Asker: 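Input: one structure, supplied below.
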Amino acid sequence: MSTTALQFVDLIDSDGDLAYGLMPVHIDAEIERVDEASVIHNAKSFRYVDYVFFRRFSDGRSSQVAAFVIDNSKELLSEAELAK
């Protein structure tokens with residue numbers, strides 16, 4: 001497997017497993033956490049967002065969005081497109 005940009009920042013491991021809190025935007029599976037499902041639903045309207053990285057809490061609080069992640073590993077997007 002080739003190394004992707006997301007592996008360099010430890011969001012995906014060498015086996016292709018996502019980091020804890022990283023959720024793909026373009027999935028058809030049901031999302032267990034209601035608070036995260038709402039954010040992911042909204043993120044689908046953003047043109048290039050592939051993942052949402054959530055900060056999760058062990059005390060029952062709702063997850064917080066830490067970052068919207070664009071996977072440009074294949075360098076299909078220019079810097080101008082990313083800036084938009």
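As the structure is a computational prediction, the values presented were derived from the model and not from experiment.
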Asker: Using the side chain to side chain donor-acceptor pair (under 3.5 Å) rule, collect all pairs that involve residues 17-27, keeping only residues at least two apart or in two chains.
Answerer: none

Asker: With the 4.5 Å side-chain cut-off for hydrophobic clustering, are F53 and L18 part of the same group?
Answerer: yes

Asker: Among residues at least two apart in sequence or on other chains, which ones pass salt bridge (Lys or Arg N to Asp or Glu O under 4.0 Å) with R61?
Answerer: D59

Asker: Are V39 and F54 close enough that some pair of their side-chain heavy atoms sits under 4.5 Å apart?
Answerer: yes

Asker: How far apart are the closest heavy atoms of D13 and Q7, and which atoms are they?
Answerer: O-NE2, 2.9 Å

Asker: Side chain to side chain donor-acceptor pair (under 3.5 Å): which pairs involve residues 39-51, sequence neighbours left out?
Answerer: none

Asker: If you look only at distance, which donor and acceptor atoms sit under 3.5 Å apart when one is on a side chain in residues 63-71 and the other is two or more places apart or in another chain?
Answerer:
unit_1 : atom_1 : unit_2 : atom_2 : d
S63    : OG     : R33    : NH1    : 3.4
S63    : OG     : E36    : OE2    : 2.7
D71    : OD1    : S73    : N      : 3.0
D71    : OD1    : S73    : OG     : 2.5

Asker: Could you work out the complete set of other residues in the hydrophobic cluster of F57, with links drawn between I, L, V, M, F, W and Y side chains under 4.5 Å apart?
Answerer: none

Asker: Can you list the residues that meet the side-chain contact (heavy atoms from CB on, under 4.5 Å) rule with S78, with sequence neighbours excluded?
Answerer: A80, E81

Asker: Nearest 0.5 angstrom please: L77 CG to N72 CG, how far?
Answerer: 4.5 Å

Asker: Specify the closest pair of heavy atoms between V52 and A43, including all atoms of both residues, with the distance to one decimal.
Answerer: CG2-CB, 3.9 Å

Asker: Does F8 belong to the same Ile/Leu/Val/Met/Phe/Trp/Tyr cluster as L11, with side-chain heavy atoms less than 4.5 Å apart forming each link?
Answerer: no

